[in-house]
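For reference, the structure is listed below as structure tokens.
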There are 2 protein chains.
Amino acid sequence: MAAATPPARPTIRDIAREAGVSVATVSRVTHDDPRVVPETKRRVQEVIDRLGYRPSALGRALSYQRTLTLGIALPGLGGPYFAQLIEGAESVAVERGVVINVVGTHLRPDAADAVRQLAERTDGLIVAGGTLSEDDVADLAASGRVVVVAGDQPGVPCVVTDGRAAAAELVRHLVEAHGHRRLRFVGEPDGSPDTAWRYAGFRDVLAERGLTEAGEPLRLGLDVRSGAVAARLLHDEGVLPDALVCGNDELATGMLATLPGLGHRIPTDVAVTGFDDQALAEIASPRLTTVHQPVADLGALAAAGALGGDLPARTTLPTRLVVRESCGCTQEGAPR
Amino acid sequence: MAAATPPARPTIRDIAREAGVSVATVSRVTHDDPRVVPETKRRVQEVIDRLGYRPSALGRALSYQRTLTLGIALPGLGGPYFAQLIEGAESVAVERGVVINVVGTHLRPDAADAVRQLAERTDGLIVAGGTLSEDDVADLAASGRVVVVAGDQPGVPCVVTDGRAAAAELVRHLVEAHGHRRLRFVGEPDGSPDTAWRYAGFRDVLAERGLTEAGEPLRLGLDVRSGAVAARLLHDEGVLPDALVCGNDELATGMLATLPGLGHRIPTDVAVTGFDDQALAEIASPRLTTVHQPVADLGALAAAGALGGDLPARTTLPTRLVVRESCGCTQEGAPR
DNA sequence: GTGTCGGATGTAACCGGATACATCGCGACG
DNA sequence: CGTCGCGATGTATCCGGTTACATCCGACAC
């Protein structure tokens with residue numbers, strides 16, 4: 001039997017020696033350089049195939065001074081929001097022959113370090129809002145790396161949606177179309193800049209209408225489970241507000257799933273709204289009134305910026321209010 | 001005014017020159033080598049700080065022949081399953097001072113290539129089942145890379161759960177405890193090995209009991225939206241089976257959300273089961289009967305294997321049947 | 001005074017590629 | 001027949017680190 005060869009990866013010099021040519025010629029063959037005469041090319045290619053040679057990405061990167069990689073740093077990998085962001089970025093990356101590397105930081109005590117590591121191995125970096133402190137991002141940008149923030153940060157190119165205005169539009173719908181006056185926000189404004197802006201928009205409208213919040217924001221995470229927790233919390237408080245404005249769709253879905261079991265009908269007893277317009281929102285019952293965000297477009301734009309170079313300091317993409325039934329509108333779109 | 005220095009990253013040689021020492025000394029300082037005399041160390045450190053020098057990860061990796069990075073290749077980044085897998089892996093990675101890089105391939109025409117690229121830059125690789133063809137994985141492993149498959153593949157170290165046995169246990173519950181005889185599988189068995197095993201377990205029990213499938217598998221994706229589609233499809237067929245065995249929780253949740261609206265009560269008219277026991281399963285209404293998988297443990301084990309080295313050819317982690325209400329059991333856990 | 005030893009630091013090679021420039025060989029042309 | 005030009009290939013250097021080994025120097029012992 002053939003002795004199992006220790007699978008040491010051959011280097012370009014191994015190939016050169018074995019094929020009786022110079023490393024330059026091997027490199028030319030791997031780059032399809034037309035200057036190599038067919039016969040030589042064939043011979044080299046044969047050796048490459050036989051030895052299973054593949055140029056080391058590391059060596060290449062060092063020499064090119066480019067890694068052909070785009071980095072994306074996110075707080076966590078859960079949730080459709082980030083998946084969509086990545087998809088958007090991926091579409092651009094594929095076009096440019098670049099591969100995407102993602103890191104999630106929310107489990108890491110050394111988040112900033114992990115991202116720096118990533119930055120080190122990529123040509124450009126997309127940092128999602130809330131992944132790092134502003135200082136860390138600024139630091140990164142200052143160290144000569146191309147950084148784009150999907151979210152909000154002065155001094156660094158950003159791609160954003162106007163969450164504040166979007167939330168305001170949503171809340172205005174609740175107030176104007178449905179006459180709700182006792183509104184409560186669900187989500188942790190201090191948890192992420194996005195949530196903070198949404199909360200700000202929420203408060204804008206209350207102020208505008210001379211309303212007061214029906215209680216402190218319910219400071220919970222942005223996941224389904226937190227929605228269930230929030231529902232129980234509210235139920236235990238006794239009296240529910242007219243409407244619950246949730247930080248995102250998952251949170252809202254958790255409430256949608258839990259409130260009816262506690263005897264609160266939606267939207268009759270209480271209206272619920274989401275944010276993001278994810279797949280869930282359309283499936284939920286009642287279907288969720290929410291704000292559509294062009295998340296994939298954000299990702300694509302950020303990717304183009306991070307790879308291409310010049311992006312204006314700030315690009316704002318439009319959102320769209322999606323009125324379904326959880327706010328109290330009918331299937332046909334009429335209020336109540 | 002100081003002319004804005006072009007933010008070119010200083011190299012180790014820049015530091016050496018500026019500090020009046022050799023590159024070896026600089027390297028020693030960055031490694032906290034005790035052989036450097038304090039005074040020298042201080043001087044070098046000062047220059048490092050002043051110029052903002054950070055050793056290039058690329059250069060280091062090339063020299064070390066290690067990247068201190070663990071790669072994870074997944075089909076897509078959506079869905080809680082993969083998020084959990086990554087979390088499990090991350091816990092191990094953090095311990096070992098290794099950073100994780102993730103790539104998703106489902107949007108890439110050149111999936112195998114993208115993963116190879118990743119392999120190139122990492123010390124070990126976790127490939128989720130269904131990400132690549134078996135050939136591609138074998139190829140990768142053959143090229144001297146440490147590869148662990150989270151899923152099923154002969155010839156490569158695997159960490160798995162026994163999806164076939166788990167599915168069988170689930171289906172047996174439907175048949176024995178609830179007396180369901182007309183069962184239908186929802187999901188695309190050819191779509192991923194996991195789904196294939198689950199379908200196999202499903203068929204095992206049917207065969208065992210002399211039952212026949214109540215129709216072909218509904219070959220759909222594993223997401224919420226597909227569940228909604230499946231529900232409509234079934235409704236349009238007219239007569240529903242006794243029980244729907246779904247490929248995962250998301251699919252099941254989609255059905256849970258859609259069937260009632262079409263006039264089918266769950267579990268009275270039709271039982272529905274999921275797979276994976278994700279957060280959704282507990283929140284859904286009715287709460288979803290499903291199979292708990294130790295996904296994070298899988299991730300952790302795979303990471304340990306990919307980083308540490310020797311993992312047995314195949315490690316199987318136990319699953320647990322989680323009986324809730326969507327199968328027809330009552331809250332208290334009694335059948336019907 | 002000289003030999004020895006050890007600690008601090010420097011020199012140079014190496015990791016795996018890419019590539020500017022040098023070299024070589026050959027046909028064409030004056 | 002010498003030379004020029006050009007196409008094919010080789011040589012050597014660089015990318016940014018690490019590190020085995022060499023070197024230098026002062027202290028100490030004899």
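The sequence lines fix the lettering, A, B, ..., with proteins before strands; numbering per chain opens at 1. Predicted model only: the values in this text are computed from it and were never measured.
- In this entry the distance linking CD of A:E39 with C1' of D:dA8 reads 13 Å, nearest Å.
- Side chain to side chain, A:Q45 and A:D49 meet the donor-acceptor criterion of an N or O pair below 3.5 Å.
- DNA chain D is contacted by both B:R35 and B:Y64; B:Y64 maps to the nucleotide lying nearer its 5′ end (nearest heavy atom per residue).
- Between B:Y53 and D:dG17 there is a side-chain N or O to OP1 or OP2 distance below 4.0 Å.
- Dashed line: the shortest gap from a side-chain N or O of B:T40 to OP1 or OP2 of C:dT9 is under 4.0 Å.
- Of all nucleotides listed (C:dG17, C:dT11, D:dG10), C:dT11 comes nearest to the side chain of B:S22.
- Judged purely by atom type and a 3.5 angstrom limit, B:E120 has no side-chain atom pairing as donor or acceptor with the backbone of A:S56.
- A:L58 comes within contact range of no nucleotide atom at all, as no heavy-atom separation falls under 4.0 Å.
- Here the P atom of nucleotide C:dA18 and the CG atom of A:L68 are 11 Å apart, to the nearest Å.
- Counting non-hydrogen atoms under 4.0 angstrom, A:V36 reaches the backbone sugars and phosphates but no base.
- In this structure, CD1 of A:I48 is placed 10 Å from P of C:dG17, rounded to the nearest angstrom.
- Listed nucleotides: D:dG17, C:dA8, C:dT11. Nearest to the side chain of B:V23: C:dT11.
- In this entry the distance linking CZ of A:R9 with P of C:dC15 reads 14 Å, nearest Å.
- Here the side chain of B:Q65 is nearest to one of D:dT18, C:dC15, C:dA18, namely C:dC15.
- With rounding to whole Å, A:R13 atom CZ is found 9 Å from C:dC14 atom C1'.
- Residue A:A114 comes nearest to A:R108 through the heavy atom pair CB-CD, 3.6 Å, listed as atom of the first residue, atom of the second, then distance.
- A donor-acceptor contact under 3.5 angstrom links the side-chain atoms of A:R28 to the base of D:dG10.
- The closest side-chain heavy-atom distance from B:R96 to B:V92 is below 4.5 Å.
- Put simply, the residue from A:V21, A:V36, A:I15 that forms a side-chain contact (heavy atoms from CB on, under 4.5 Å) with A:V29 is A:V36.
- You'll find that the side chain of B:L62 is closest to C:dC15, out of C:dC15, D:dG10, C:dT11.
- The nucleotide whose nearest atom lies closest to any side-chain atom of B:T30 is, among C:dA18, D:dT18, D:dG16, D:dT18.
- Around atom CZ of B:R54, no more than 12 heavy atoms belonging to other residues, nucleotides or ligands sit under 6.0 Å away.
- Atom P of nucleotide D:dG17 and atom CD1 of B:I15 are separated by 9 Å, given to the nearest angstrom.
- Closest contact between the side chain of B:A24 and the listed nucleotides D:dG17, D:dT11, D:dA20 involves D:dA20.
- For C:dG16, its base never sits under 3.5 Å from the side chain of A:R60 at any donor and acceptor pair.
- For the OP1/OP2 pair of D:dC15 and a distance below 4.0 Å, the side-chain nitrogens and oxygens of B:T11 include no atom meeting the criterion.
- A:R121 places its CZ atom 13 Å from the P atom of D:dG17, with the value rounded to the nearest Å.
- Contacts of B:S27 with the nucleic acid, taken as non-hydrogen atoms under 4.0 Å apart, include base atoms.
- One interatomic measurement links the two molecules: CG of A:D32 to P of C:dA18, which rounds to 13 Å at whole-angstrom precision.
- When heavy atoms are screened at a 4.0 angstrom cut-off, B:R66 is found touching no nucleic acid atom at all.
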